[in-house]
2 protein chains.
Amino acid sequence: MHRDIDNCQCHGHTGCMAGPKTLPLLDPACCAPLVRAPLDAAAATSLARTLKALADPARLRLLSMVAAHEGGEACVCDLTEPLGLTQPTVSHHLKVLVDAGLLTRDKRGVWAYYALVPGALDAVAAVLTSQDVAVRI
Amino acid sequence: MHRDIDNCQCHGHTGCMAGPKTLPLLDPACCAPLVRAPLDAAAATSLARTLKALADPARLRLLSMVAAHEGGEACVCDLTEPLGLTQPTVSHHLKVLVDAGLLTRDKRGVWAYYALVPGALDAVAAVLTSQDVAVRI
DNA sequence: CCCTTGCATAGACAACCGTCGATGACTGGA
DNA sequence: TCCAGTCATCGACGGTTGTCTATGCAAGGG
């Protein structure tokens with residue numbers, strides 16, 4: 001019943017064997033898909049931290065709004081009004097997403113532009129799914 | 001800039017055009033991957049509810065322990081001791097996962113057997129990822 | 001018919017979370 | 001130099017959550 005955590009095959013998703021600092025919150029969970037072997041406490045805590053950042057309606061909408069915005073980036077003033085929340089609340093949610101490694105923040109002049117971290121959401125999805133997937137494009 | 005929500009292509013993941021009652025919490029988010037178009041409030045709330053059920057170390061470990069257990073099912077007494085939590089707490093977490101549509105509960109005699117809902121985690125992963133994936137096996 | 005076993009529920013409590021208004025910091029013009 | 005605009009931080013408040021102990025309920029064996 002021993003499962004091959006050691007003999008891990010990474011499927012090329014971001015954050016796996018890609019250096020020391022990429023997606024730190026996801027690394028422990030890397031190569032240990034949820035349904036293949038029991039998670040140890042550390043990996044569970046790490047993955048839960050990332051999922052907790054995602055598990056909020058406002059933050060999910062922020063992610064999708066940033067992704068759908070022209071240029072793949074948006075500043076706070078673009079997001080406040082369509083989201084229907086105050087500017088401090090939007091800033092707070094964006095900070096949570098940045099801290100979780102899901103968004104990047106780029107301050108240019110007076111504006112702060114937020115953008116998706118490429119592959120971050122895919123890495124979360126890869127841990128959740130049991131299917132061995134092939135990227136089509 | 002109009003994105004094709006109407007002209008939706010389902011990739012065959014569970015809960016999509018598969019009847020009225022399968023995975024109710026995921027249906028609103030179906031066919032609207034996070035990064036393709038802005039989520040409306042209802043879809044965001046629905047997806048957040050499912051992710052909130054996942055965003056806890058104990059529940060993540062429970063999911064993986066149930067999946068890795070022999071026969072793909074486990075009763076509460078199998079999970080309490082390795083998890084290091086009391087029996088009421090384990091029962092509470094299992095109820096949260098059942099209510100989220102991620103686990104099934106089958107009472108046989110004195111024991112309650114929990115098992116993964118097939119495709120439930122894959123459906124969550126499919127919403128999170130932007131990649132058009134092909135199942136290999 | 002009792003007694004043990006497995007599980008769910010109820011109630012309580014501390015910790016955490018989402019939201020707000022108020023305020024401060026910084027940038028770029030007039 | 002002052003002002004307007006953008007954003008982050010602070011402090012506060014109500015609601016939610018994870019955990020526990022205590023208790024109830026059902027099944028099965030003496």
Side-chain angles (χ1 to χ4, degrees), chain A residues 25 39 41-42 44-63 65-66 69 71 73-100 102-115, chain B residues 25 39 41-42 44-63 65-66 69 71 73-100 102-115:
Chain A
L25 292 178
L39 254 55
T45 301
S46 173
L47 179 56
R49 203 170 359 231
T50 301
L51 288 172
K52 208 162 291 200
L54 283 172
D56 182 89
R59 289 197 285 269
L60 287 173
R61 295 188 69 191
L62 281 174
L63 279 180
M65 288 165 64
V66 165
H69 204 263
E73 62 178 11
C75 58
V76 181
C77 58
D78 293 325
L79 306 167
T80 301
E81 184 265 341
L83 195 58
L85 295 175
T86 64
Q87 175 265 319
T89 302
V90 173
S91 276
H92 161 69
H93 285 310
L94 290 171
K95 176 175 170 51
V96 172
L97 291 170
V98 169
D99 291 346
L102 298 169
L103 283 184
T104 60
R105 178 180 179 275
D106 179 29
K107 182 115 185 180
R108 295 202 298 270
V110 193
W111 296 274
Y113 291 92
Y114 291 86
Chain B
L25 293 178
L39 253 55
T45 301
S46 173
L47 179 55
R49 207 176 349 239
T50 301
L51 289 172
K52 207 162 292 199
L54 283 172
D56 181 89
R59 289 197 284 270
L60 287 174
R61 296 189 69 194
L62 281 174
L63 278 180
M65 289 165 64
V66 165
H69 204 263
E73 62 178 11
C75 57
V76 182
C77 57
D78 293 325
L79 306 168
T80 301
E81 184 265 342
L83 196 57
L85 295 175
T86 64
Q87 173 265 318
T89 302
V90 173
S91 274
H92 161 69
H93 285 309
L94 289 171
K95 175 176 170 51
V96 171
L97 291 170
V98 168
D99 290 346
L102 298 170
L103 284 184
T104 59
R105 178 179 179 274
D106 180 28
K107 181 117 185 178
R108 295 200 298 271
V110 192
W111 295 275
Y113 290 92
Y114 290 86

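Because the structure is a prediction, the values reported are computed rather than measured. Proteins come first, then strands; the chains are lettered A, B, ... in the order of their sequence lines, and each starts at number 1.
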K.L.:
Would you compute the distance between atom CG of Asp106(A) and atom CD of Glu73(A) and round it to the nearest 0.5 angstrom?
P.N.:
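Atom-to-atom, Asp106(A):CG and Glu73(A):CD are 7.0 Å apart.
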K.L.:
Indicate the atoms forming the closest heavy-atom contact of Ala100(B) with Ala53(B), along with that distance.
P.N.:
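Result for this residue pair: CB-CB, 3.5 Å.
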K.L.:
Indicate yes or no: at least one non-hydrogen side-chain atom of Arg49(A) is less than 4.5 angstrom from one of Thr45(A).
P.N.:
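Touching, per the 4.5 Å side-chain cut-off.
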K.L.:
For Arg108(B) and dA27(D), is the shortest distance between a side-chain N/O and OP1 or OP2 below 4.0 Å?
P.N.:
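False: Arg108(B) side-chain N/O out of range (4.0 Å or more) of dA27(D) OP1/OP2.
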K.L.:
In whole Å, I'd like the distance from the CG atom of Asp56(A) to the C1' atom of dT17(D).
P.N.:
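My rounded result for the distance is 14 Å.
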K.L.:
Considering all heavy atoms of both residues, which atom of Thr80(A) and which atom of Thr86(A) are nearest to each other, and what is their separation?
P.N.:
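Nearest pair, atom of Thr80(A) first, then Thr86(A): CG2-C, 4.0 Å.
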K.L.:
Quick one: do Val76(A) and Gln87(A) satisfy side chain to side chain contact (heavy atoms under 4.5 Å, CB included)? Show the steps, please.
P.N.:
CA-CA 7 Å; Val76(A) 181; Gln87(A) 175 265 319; 4.1 Å; yes
K.L.:
If you look at every heavy atom in Arg61(B) and Pro82(B), which pair is closest and at what distance?
P.N.:
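Between these two residues, the closest heavy atoms are NH2-O, 3.9 Å.
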K.L.:
Atom CG of Asp78(A) and atom OH of Tyr114(A): how far apart are they, to the nearest 0.5 Å?
P.N.:
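Going from the CG atom of Asp78(A) to the OH atom of Tyr114(A) covers 12.0 Å.
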K.L.:
Does the protein touch nucleotides 3-9 of chain D at the base, only the backbone, or not at all? Give it as B, S and - per nucleotide, heavy atoms under 4.0 Å.
P.N.:
--BSBBB
K.L.:
What range of DNA chain C does chain A touch, first nucleotide to last, counting atoms under 4.0 Å from its heavy atoms?
P.N.:
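Listed 5' to 3', the contact boundaries are dG18(C) to dG28(C).
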K.L.:
Please round to the nearest 0.5 Å and tell me the distance separating atom CG of Leu47(B) and atom CG of Leu60(A).
P.N.:
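Interatomic distance, Leu47(B) CG to Leu60(A) CG, rounded to 0.5 Å: 5.0 Å.
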K.L.:
Could you give the CG-to-C1' distance, from Leu79(B) to dT19(D), as a whole number of Å?
P.N.:
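It is 17 Å, rounded to the nearest whole Å.
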